[in-house]
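Have a look at the structure below before the remarks.
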Amino acid sequence: MTNSIADIEESDVILVTGSNTTENHPVLSSFMKRAVRKGKKLYLIDPRKVKLADYAEKWLRPLPGTDIAWINGLMHVILKEGLEDKKFIEDRCENFEELEKTLKKYTPKHVEKVTGIPADDIIEVAKAFAAAGAATICYCMGITQHTCGTDNVKSLANLSMLCGHLGKRGGGVNPLRGQNNVQGACDMGGLPNVFTAYQPVTNDDARENYEKAWNVTGMSATPGIPVTEMIQKAHDGEMKAMYIIGENPMVSDPDLNHAKKSLQNLEFLVVQDIFETETSQLADVVLPAFCFAEKDGTFTNSERRVQRVRKAVDAPGEAKEDWQILCEIAARMGYEMSYDGPEAIFNEISSVTPSY
């Protein structure tokens, strides 16, 4: 999120797309509802009629998978009517002319044919969004989990920049994260191409800093494999072993038959989780871990707020904390990792993470 959750209440126009906000982000949705009660406008653009439609000025219903078309349609109208923020574009944007060329064909009538959204509705939302003092875009996995998900997000960013709605209270492009600590996992480098705080593994300075901190040499500059490719590589026999922590691909993968064949094709599968899952049933080794209420640490929410978690209950049986399990395995593989506890780990995070 470029803005805080509280900022949403300050928005003049709230554009929600690909999100069932009241069910998946109930606290955050209350800010939207309060904004509407204050007279702010909310537009819902989603194939499904979710609860938020009851609070919306208008609900636009695109055909699934046509998001880029309606976003381009809004931008086409904004340019045609001369409602873009010329100064913001001049000072802060690149390749505007390329965008302008792309948008030419996305007339309201053309967009209506592609998306099913009436042309008049496209014009109404475009004018309201551009005219707002501050407008926010909130989206969730209905936007990102497509083959063109990255381009969907870039298009929303273009829409916000076109109207100068970035870098101000009540504006911004705000993804509502899908699970409780997915933002924290990304901030901690839980992605194949970055260290903590999104420092690229290809960056020589970043690697050098980590090598000093961890007393190692020759860290690889090659990005790892994204999870979307791992299952296929397991299926094709290119990936031999997999270590899955707190994830259940046998429920979340888009093709479960394919996922099962792929996981069964591995030579070795380890699952670390708090209870038996469909995936753990396929595992060679299951490592029992602590749940959120059994440990100290932090969670990072959608607005990137780092929130402390305190232990409430003892863990059952022989379960261990995730970091303890990883440290013990690392030691057995020849690299000693040991910490006094979560505070020591947090101190190390701070020392190698600029944003901390």
Side-chain angles (χ1 to χ4, degrees), residues 1-8 14-32 44-53 62 64-65 67-68 71 136-157 160 172-194 196-198 224-231 244-256 259 271-275 277-280 289 291-293 297-307 309 322:
M1 289 177 76
T2 59
N3 290 59
S4 69
I5 292 168
D7 259 16
I8 291 168
I14 303 165
L15 181 64
V16 179
T17 180
S19 168
N20 185 355
T21 321
T22 47
E23 282 194 22
N24 292 324
H25 304 88
V27 175
L28 196 146
S29 74
S30 65
F31 285 82
M32 294 177 178
L44 175 69
I45 306 182
D46 206 285
R48 290 177 62 199
K49 186 176 185 183
V50 296
K51 188 74 183 151
L52 216 52
D67 300 297
I68 291 170
I71 300 166
T136 186
I137 299 171
C138 296
Y139 68 89
C140 196
M141 290 191 283
I143 281 290
T144 55
Q145 295 202 347
H146 292 268
T147 51
C148 58
T150 304
D151 293 323
N152 287 348
V153 174
K154 286 179 180 175
S155 298
L156 289 174
S160 187
V173 183
N174 297 305
L176 314 180
R177 303 313 295 255
Q179 276 91 30
N180 58 350
N181 201 21
V182 70
Q183 182 68 51
C186 294
D187 290 350
M188 290 301 100
L191 294 160
N193 58 338
V194 292
T196 60
Y198 312 96
I225 301 166
V227 70
T228 45
E229 293 175 23
M230 286 183 191
I231 298 288
I244 297 172
I245 305 177
E247 183 71 34
N248 191 6
M250 282 305 298
V251 164
S252 58
D253 199 83
D255 184 344
L256 295 183
V271 172
Q272 185 169 314
D273 217 317
I274 60 172
F275 46 74
T277 66
E278 290 80 356
T279 305
S280 75
C291 83
F292 76 99
T298 64
F299 279 69
T300 306
N301 74 351
S302 274
E303 66 175 2
R304 297 175 278 116
R305 188 181 297 274
V306 180
Q307 303 170 114
V309 177
D322 290 300

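For the 3.5 Å distance criterion, the side chains of T136 and N174 qualify, holding a donor opposite an acceptor.
Here the CD1-OG distance, from I68 to S155, works out to 4.5 Å after rounding to the nearest 0.5 Å. One finds the CD atom of Q179 at 9.5 Å from the CG atom of N24 (value rounded to the nearest 0.5 Å). Interatomic distance, I8 CD1 to I14 CD1, rounded to the nearest 0.5 Å: 7.0 Å.
Remark: S160 pairs with I137, H165, L166, V173 by the side-chain contact (heavy atoms from CB on, under 4.5 Å) rule, at least two apart or across chains. With sequence neighbours excluded, the residues forming a side-chain hydrogen bond (donor to acceptor under 3.5 Å, both in side chains) with D67 are W70, listed by chain and number. Scanning for side-chain hydrogen bond (donor to acceptor under 3.5 Å, both in side chains) contacts around D273 gives an empty result, with sequence neighbours left out. By the side-chain contact (heavy atoms from CB on, under 4.5 Å) test, N180 pairs with F299, sequence neighbours left out. By the side-chain hydrogen bond (donor to acceptor under 3.5 Å, both in side chains) test, T279 pairs with N248, sequence neighbours left out. With sequence neighbours excluded, the residues satisfying side-chain hydrogen bond (donor to acceptor under 3.5 Å, both in side chains) with Q272 are Y243, D322. For the side-chain contact (heavy atoms from CB on, under 4.5 Å) test, residues two or more places apart in sequence or in another chain that qualify with E23 are N20. D253 is linked by a salt bridge (Lys or Arg N to Asp or Glu O under 4.0 Å) to nothing, counting only residues two or more places apart in sequence or in another chain. The salt bridge (Lys or Arg N to Asp or Glu O under 4.0 Å) check on R48 picks up nothing, with sequence neighbours excluded. Considering only residues two or more places apart in sequence or on other chains, V153 meets the side-chain contact (heavy atoms from CB on, under 4.5 Å) condition with Y139, I143, T144. A search for salt bridge (Lys or Arg N to Asp or Glu O under 4.0 Å) contacts involving K49 returns nothing, not counting sequence neighbours.
The shortest side-chain heavy-atom distance between M250 and T277 does not fall under the 4.5 Å cut-off. Counting heavy atoms from C-beta outward, C138 and H25 have side chains that stay 4.5 Å or more apart.
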Practice prompt. Could you walk me through whether V50 and T21 pass side-chain contact (heavy atoms from CB on, under 4.5 Å), step by step?
Written response: CA-CA 8 Å; V50 296; T21 321; over 6 Å; no
Discussion item. If you apply the rule side-chain contact (heavy atoms from CB on, under 4.5 Å), what do you find for T300 with N181, and how did you get there?
Written reply: CA-CA 6 Å; T300 306; N181 201 21; 4.0 Å; yes
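Residues S252 and E247 share a closest heavy-atom pair of OG-OE2, 3.4 Å. The two residues I71 and N152 have their closest heavy-atom pair at CD1-O, 3.9 Å.
In this structure, the side chain of E278 does not engage the main chain of V251 through any donor-acceptor pair within 3.5 Å. Of the possible polar contacts, one joining the D46 side chain to the G18 backbone as a donor-acceptor pair under 3.5 Å is found.
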Donor-acceptor contacts under 3.5 Å from residues 183-193 side chains, at least two apart:
| residue | atom | partner | partner atom | Å |
| --- | --- | --- | --- | --- |
| Q183 | OE1 | R177 | NH1 | 2.6 |
| Q183 | NE2 | D187 | OD1 | 3.1 |
| Q183 | NE2 | Y198 | OH | 3.3 |
| D187 | OD1 | Y198 | OH | 2.5 |

